[in-house]
Amino acid sequence: MKEIRVRFAPSPTGPLHIGGVRTALYNYLFAKKNNGKFLLRIEDTDQNRYVPGAEEYIIEALKWCGIEYDEGVGIGGPHEPYRQSERKHLYFEYAEQLINEGKAYYAFDTPEELDAMRDRLSAKGVATPQYDYLSRYEMKNSLVLSPDEVKNRIEKGEHYVIRVLIPEDQEILVNDLIRGEVRVHTSRLDDKVLFKSDGMPTYHLANIVDDHLMEITHVIRGEEWLPSAPLHVLLYKYFGWQAPEFAHLPLLLKPDGNGKLSKRDGDRLGFPVFPLRWVDPVSKEISSGYRESGYLPDAFVNMLALLGWNPGTEQEVFSMDELIEAFSIERVGKHGSKFDPEKAKWFNHHYLSALSNVEAAHLLQNQVAGKGINTELSYLINIVSLVKERATLIPDLWEQSAFFFIEPSVYDDKLKNKVWRPESVDMLNQIVKFLNDQHDFSAENLEHSLKDFIAQNGLNMGLVMNTLRLALVGSAFGPGIAGIISVLGKEKAVERIKRLIQASI
RNA sequence: GGUCCGUUCGUCUAACGGUUAGGACGCCAGGUUUUCAUCCUGGUAAUAGGGGUUCGAUUCCCCUACGGACUACCA
């Protein structure tokens, strides 16, 4: 059986947004599931839209997501180069071949002439004014110009493009793995430019040529390409190549209202639409990323995988290996999905809670180090065992545990008003004595002995606990008191209690 | 406007023509936690509308409505 080969082929025109990441992910899952190859090709045939740093961004984003490619930019492979600008020299001959076979032609029309043609056609009531079988014979191209004149113009250095000659009356069948058979009549298609006057191929030509040369078996791409799929099928036919299988993925939609998810939605609705933070090289505008916002890549990938695909079972949590195992293109939905930031958070919370204490401690260590605090990992492990399931995003690990590192300097008024009594000082002194007498500082022991102590001394449990919380945390917040004391240790706990006593006298 | 694609709870979605239309997120309620959060239990909520085909349509067909993509010498 032929090896399955798929590719992700983004344009470096800016940061990859989550829809692009999902396309890459599905390609990757499909390749791995079928023991095939996944390649990364950079489609940079539009020099005007090239954005510095975008290519690096794409590569880094895929890496962060754990989407590894077998061939492509940066790592090479048997079909080098994988950047279309570096393959520039090989496209012209294919366009020329089509011309020689009467399947394409030279066109010399200026932008003004093209506009004039469209105006003329729409004035005549033509529903789709375009360069096609209706209009091509009134334009300046090698279909109407004499061979000599064409030759002349080219030799004079006049700018020209190469357009595909679309047959007038033919039905094209696109077999889509997700949508089934899609039929389009060629009279609806226009003579798309294959080769631009700047010497670069357009997407349509470069894409087909490269997919053929790179032996791509399945083209899995966004739905925005569906309308041009018939052209691509025709091109394969023109070249006499076997067309790959197509699968057009439904789009990711805005969480609110309608329309395709765009980069503006992130700022507007307050969630990232990019995997990584991006700073626009020109405007310096900053777009937030999932990584920097504190999402775990596994959670991000899991969330994305389920946006438009489902395994047909009720399983929702998948590791990358499980995704590979369960993935099938047939189970990708047909309709667009509104992106739900809340579900993304839920996934992250789930993954954060499932982390081992050591893993979570390392995450907290980065946070803590960022605050200029240096701590033993063992201390962080203890802390994190208490707070990790309370966190949704990575920075929450710090938010939830800051009081362990910074002793309270102000006390929450509301809590203090609620629990503070004239006899509180005396009570706290008793607790200090109690703690000083303890040898086993495990949370379990503290829990029991503290309760016993409270009962034996006729104290009010709620009052004691909350007053201790006031001393230890400073507010009505955080894990259980016994756990906090256990992690803090005798010395620090006693110190904080004494501090509250001091502050209250 | 034209072409193409789509339409099940608010959202993501399940359901070889026969199910009390299932799950998850969110939301609401109760419980656990003498804080807050987590967690547990329960609840709320959907087949866009109209015609067919069929003993029987979420499921097949048609129409309408609505939504989306595309309509560049951009990808």
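The structure displayed is predicted, hence computed values, not measured ones. Lettering follows sequence order; numbering is per chain, from 1.
The CD-C1' distance, from A:Gln400 to B:rU38, rounds to 10 Å in whole Å. Distance CG (A:Asp44) to P (B:rC74): 14 Å, rounded to an integer number of Å. As a whole-Å value, the separation of A:Arg188 CZ from B:rU3 P is 5 Å. In this structure, the CZ atom of A:Phe403 is 12 Å from the C1' atom of B:rA37, given to the nearest Å. A straight line from CE of A:Met139 to P of B:rC73 spans 10 Å, rounded to a whole angstrom. The nearest whole Å value for the distance from the NE2 atom in A:His350 to the C1' atom in B:rC39 is 13 Å. In this structure, A:Trp346 places its CH2 atom 11 Å from C1' of B:rC12, rounding to the nearest Å. As a whole-Å value, the separation of A:Lys192 NZ from B:rA75 P is 11 Å.
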Chi angles and distances behind the ring pair (Phe, Tyr, Trp, His ring centres under 6.0 Å) call for A:Trp278, A:Tyr57: CA-CA 8 Å; A:Trp278 167 259; A:Tyr57 180 98; 5.4 Å; yes
Chi angles and distances behind the ring pair (Phe, Tyr, Trp, His ring centres under 6.0 Å) call for A:Tyr351, A:Tyr295: CA-CA 9 Å; A:Tyr351 273 79; A:Tyr295 284 82; over 10 Å; no
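Side-chain proximity of A:Arg163 to the nucleotides B:rC73, B:rG23, B:rC5 is greatest for B:rC73. Taking the side chain of A:Val193 as heavy atoms from C-beta on, and the options B:rC73, B:rG6, B:rG23, the nearest nucleotide is B:rC73. The side chain of A:Arg390 has B:rA37 as its nearest neighbour among B:rC5, B:rC73, B:rA37. When distances run from any side-chain atom of A:Glu316 to the nucleotides B:rA24, B:rC73, B:rU35, the shortest one goes to B:rA24. Nearest to the side-chain atoms of A:Asp340 among the listed nucleotides B:rU13, B:rC5, B:rU11 stands B:rU11. Closest to the A:His335 side chain, of the nucleotides B:rG6, B:rC70, B:rA24, is B:rG6. Comparing B:rU38, B:rC5, B:rG6 by their closest approach to the side chain of A:Glu389 singles out B:rU38. For A:His349, counting side-chain heavy atoms from C-beta on, the closest listed nucleotide (B:rA14, B:rC39, B:rC73) is B:rC39. Proximity note for A:Trp225 (side chain, C-beta onward) versus B:rA75, B:rG68, B:rC4: the nearest is B:rA75. Proximity note for A:Glu342 (side chain, C-beta onward) versus B:rA72, B:rC25, B:rC70: the nearest is B:rC25.
Along RNA chain B, the nucleotide nearest A:Ala344 and the nucleotide nearest A:Ser11 are compared for position; the residue whose nucleotide lies closer to the 5' end is A:Ala344. Along RNA chain B, the nucleotide nearest A:Ile481 and the nucleotide nearest A:Asp190 are compared for position; the residue whose nucleotide lies closer to the 5' end is A:Ile481.
OP1 or OP2 of B:rC70 sits under 4.0 Å from a side-chain N or O of A:Lys260. Regarding contacts with the backbone of B:rU35, every side-chain N or O of A:Asn466 stays at 4.0 angstrom or more from both OP1 and OP2.
Pair assignment for B:rA15 gives none, since no Watson-Crick or G-U wobble pairing has each distance under 3.5 Å. Using Watson-Crick or G-U wobble geometry with both donor-acceptor distances under 3.5 Å, B:rU8 finds no partner in any strand shown. The partner of B:rU47 cannot be assigned: no Watson-Crick or G-U wobble pair with both contacts below 3.5 Å exists in any strand. Using N1 to N3 plus N6-O4 or O6-N4 for Watson-Crick, or N1-O2 and O6-N3 for G-U wobble, each under 3.5 Å, B:rG56 pairs with nothing. Remark: B:rA75 base-pairs with no nucleotide in the shown strands. Criterion, Watson-Crick or G-U wobble with two distances under 3.5 Å. The partner of B:rG2 is B:rC70, judged by Watson-Crick or G-U wobble contacts that both fall below 3.5 Å. Applying the Watson-Crick and G-U wobble criteria (two distances, each under 3.5 Å), B:rC36 pairs with nothing in any strand. Under the Watson-Crick or G-U wobble criterion, with both distances below 3.5 Å, B:rA29 is paired with B:rU41.
Of the possible polar contacts, one joining the A:Asn302 side chain to the A:Phe318 backbone as a donor-acceptor pair under 3.5 Å is found. With hydrogens and angles ignored, the 3.5 Å screen pairs no side-chain donor or acceptor of A:Asp265 with any backbone N or O of A:Lys254. With hydrogens and angles ignored, the 3.5 Å screen pairs a side-chain donor or acceptor of A:Ser353 with a backbone N or O of A:His349.
Proximity of A:Arg41 to A:Asp211: side-chain heavy atoms (C-beta onward) are separated by under 4.5 Å at one or more points.
Using a 4.0 Å heavy-atom cutoff across all strands shown, A:Val182 reaches sugar-phosphate atoms only and no base atom. In this structure, A:Gly333 reaches neither bases nor backbone, as no heavy-atom distance under 4.0 Å exists between it and the strands shown. Using a 4.0 Å heavy-atom distance criterion, A:Asp109 is classed as a base contact. Note on A:Arg331: only backbone sugar-phosphate atoms sit closer than 4.0 angstrom, heavy atoms only; bases stay farther off. Across all strands, A:Pro479 comes closer than 4.0 Å to base atoms (heavy-atom distances). Within 4.0 Å of A:Ser197, counting heavy atoms only, lies at least one base atom of the nucleic acid. Residue A:Ser122 is out of contact with every strand shown, counting any heavy-atom pair closer than 4.0 Å.
Taking atom P in both B:rG67 and B:rA72, one finds a spacing of 23 Å when rounded to whole Å. Spacing of C1' atoms, B:rU20 relative to B:rA46, comes out at 15 Å, to the nearest Å. Across the C1' atoms, B:rU64 and B:rC9 are found 24 Å apart, a figure rounded to whole Å. If you take atom P in B:rU8 and the same atom in B:rU47, they sit 11 Å apart, rounded to whole Å.
Side-chain contact of A:His159 with A:Asp198: a donor-acceptor pair under 3.5 Å is absent, judged by distance alone.
Between A:Phe274 and A:His17, the ring planes are tilted. Angles from 30° to 60° get that label.
To the nearest 0.5 Å, atom NZ of residue A:Lys260 and atom CD of residue A:Glu224 are 5.0 Å apart.
A:Arg179 contributes no side-chain N or O that forms a donor-acceptor pair with the base of B:rC5 under 3.5 Å.
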